[in-house]
Number of protein chains: 2
Amino acid sequence: MKGFIGEFEELVLLTIASLAEDAYGVAIKESIEKRADRSISIGALHSTITRLEEKGYLKSWLGEPTQERGGRRKRYFEVTHQGKIELHNMKALRDELWKLSKATLSLAK
Amino acid sequence: MKGFIGEFEELVLLTIASLAEDAYGVAIKESIEKRADRSISIGALHSTITRLEEKGYLKSWLGEPTQERGGRRKRYFEVTHQGKIELHNMKALRDELWKLSKATLSLAK
DNA sequence: CTATTTTTAAGATTAAATAGAAAAATTTTT
DNA sequence: AAAAATTTTTCTATTTAATCTTAAAAATAG
């Protein structure tokens, strides 16, 4: 067990958090594609989600069938407490490094 | 060619930026270990650095031999303009997601 | 030549991407 | 109403890329 979170794993966790009540596969995919301006495959998303659940950073449950059009029941996701802690840790580290590098990383010519 | 930066690649870039004038292998390794409280191998660091140079996010040059103890000459690193842009993009996306998820990600019980 | 410091290379493991099959629900057709 | 087709979504298998581990090689000083 290692515990580190990859770049895509972190993006998925943050997106799920931002979607709150409506975090299921297809909505997560569309949200990432819109915000990150990057096209992702649903398969890549799903295998990442499975990995995150195994690591204990994500939990899920099946929703009730909606009376809209067709379709399989949605599986909803939520970031666990442990997942939130990891996200906070990663943010704290990056914020510190950005603070230290502010001058160096300026894009001004 | 894809262009995405992995979790460790980003950490390395930020650390190099934060070290400014003294960014060479061993110093980078020690800085990461101290700040991230995570032990890394020098080999993992160097293969990541090589990848970042190939992608154009990092440039390097050999330093002069120091007249201290023995040892090979140091190779110094610097984040390229392209690398800075990538770091800025990643930061902007995460900042946005954090802003949207603030309530959800609170650690309060 | 020996000890030190650092880089570099090779091989194994884990994360992420691609491609597409399988399920479950609704709608249309016979 | 049963069968077939359609829609929406989840899940599986395989390949490719990122990361880790281990250890060898190179350069410098004494």
Side-chain angles (χ1 to χ4, degrees), chain A residues 1-13 15-16 19 22-33 36 38-55 57-77 86 90, chain B residues 1-13 15-16 19 22-33 36 38-55 57-77 86 90:
Chain A
M1 221 277 267
K2 305 215 354 326
F4 292 117
I5 289 185
E7 184 269 335
F8 190 56
E9 292 176 325
E10 184 180 7
L11 180 56
V12 169
L13 285 180
T15 301
I16 287 171
L19 288 171
D22 196 44
Y24 74 101
V26 174
I28 298 166
K29 168 174 151 61
E30 287 173 355
S31 178
I32 291 177
E33 292 190 321
R38 138 187 187 182
S39 124
I40 69 168
S41 78
I42 191 74
L45 175 61
H46 198 270
S47 57
T48 298
I49 276 172
T50 302
R51 224 181 306 125
L52 286 169
E53 276 196 288
E54 285 166 359
K55 288 178 179 174
Y57 297 138
L58 214 52
K59 61 187 162 194
S60 74
W61 62 93
L62 278 179
E64 289 308 305
T66 65
Q67 55 272 68
E68 291 168 14
R69 282 152 299 186
R72 196 168 171 170
R73 286 198 286 165
K74 296 171 181 171
R75 176 172 294 278
Y76 290 97
F77 298 95
E86 265 303 305
M90 296 180 83
Chain B
M1 221 279 269
K2 306 211 357 319
F4 293 117
I5 288 184
E7 184 269 334
F8 190 55
E9 291 176 327
E10 184 181 8
L11 180 55
V12 168
L13 286 180
T15 301
I16 287 171
L19 288 172
D22 195 44
Y24 76 101
V26 174
I28 299 166
K29 168 175 150 61
E30 287 172 355
S31 178
I32 290 177
E33 292 190 320
R38 142 185 187 181
S39 126
I40 68 170
S41 77
I42 191 73
L45 175 61
H46 267 99
S47 59
T48 298
I49 278 172
T50 302
R51 222 182 309 124
L52 286 168
E53 276 196 287
E54 285 166 359
K55 289 178 179 173
Y57 297 139
L58 216 51
K59 61 188 162 195
S60 74
W61 61 95
L62 277 178
E64 289 307 306
T66 64
Q67 54 272 70
E68 294 169 10
R69 285 149 298 184
R72 195 166 173 173
R73 285 196 286 165
K74 296 170 182 171
R75 177 172 293 277
Y76 290 97
F77 299 96
E86 267 302 306
M90 296 179 84

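Just so it is clear, the values below take in all heavy atoms, side chains as well, and ignore hydrogens, waters and symmetry mates. Throughout, protein chains are lettered first and strands after them, A, B, ... in sequence-line order, and every chain is numbered starting at 1.
Looking at heavy-atom distances under 4.0 Å, A:T50 makes no contact with the nucleic acid at all. At the heavy-atom level, B:G25 lies under 4.0 Å from the strands shown only through sugar-phosphate atoms. Residue contacts shown for B:I40 are absent, as no nucleic acid heavy atom lies under 4.0 Å away. Nucleic acid contact class of B:G43 (heavy atoms, under 4.0 Å, all strands): base.
Taken from OG1 in B:T15 to CD in B:E33, the straight-line distance is 11.0 Å, to the nearest 0.5 Å.
Under 4.0 angstrom from either OP1 or OP2 of D:dT9 there lies no side-chain N or O belonging to A:K29. The side chain of A:R75 places an N or O atom within less than 4.0 Å of a non-bridging phosphate oxygen (OP1 or OP2) of D:dC11. Within the 4.0 Å cut-off from OP1 or OP2 of C:dT6, at least one side-chain nitrogen or oxygen of B:Y24 is found. A close approach under 4.0 Å does occur between a side-chain nitrogen or oxygen of B:K55 and OP1 or OP2 of D:dA18. In terms of phosphate contacts, A:R51 brings a side-chain nitrogen or oxygen within less than 4.0 Å of OP1 or OP2 of C:dA16. B:H46 has a side-chain polar atom (N or O) that falls below the 4.0 Å cut-off from OP1 or OP2 of C:dT7.
Side-chain atoms of B:D22 and B:Y76, non-hydrogen and from C-beta on, do get closer than 4.5 Å to each other. Using a 4.5 Å cut-off on side-chain heavy atoms (C-beta onward), A:E9 and A:V12 make no contact.
If you take CD of A:E30 and P of D:dT8, they are 11 Å apart, rounded to a whole angstrom. What separates CZ of A:R73 from P of D:dT8 is a distance of 18 Å, to the nearest Å. In this structure, A:L52 places its CG atom 10 Å from P of C:dA15, rounding to the nearest Å. For the pair B:I49 CD1 and D:dT19 C1', the computed distance is 13 Å after rounding to whole Å.
Judged by atom type and distance alone, B:R72 does not reach the base of D:dT28 through any side-chain donor-acceptor pair under 3.5 Å.
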* To do: Evaluate side-chain contact (heavy atoms from CB on, under 4.5 Å) for B:R38 paired with A:F4, printing each intermediate quantity in order.
  => CA-CA 10 Å; B:R38 142 185 187 181; A:F4 292 117; 3.2 Å; yes
* Yes or no on side-chain contact (heavy atoms from CB on, under 4.5 Å) for B:I40 and B:K29, after CA distance, side-chain angles and deciding distance? -> CA-CA 7 Å; B:I40 68 170; B:K29 168 175 150 61; 4.0 Å; yes
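Each of A:F77 and B:E9 was assigned the nucleotide of DNA chain D with the nearest heavy atom; the assignment lying further toward the 5' end belongs to A:F77.
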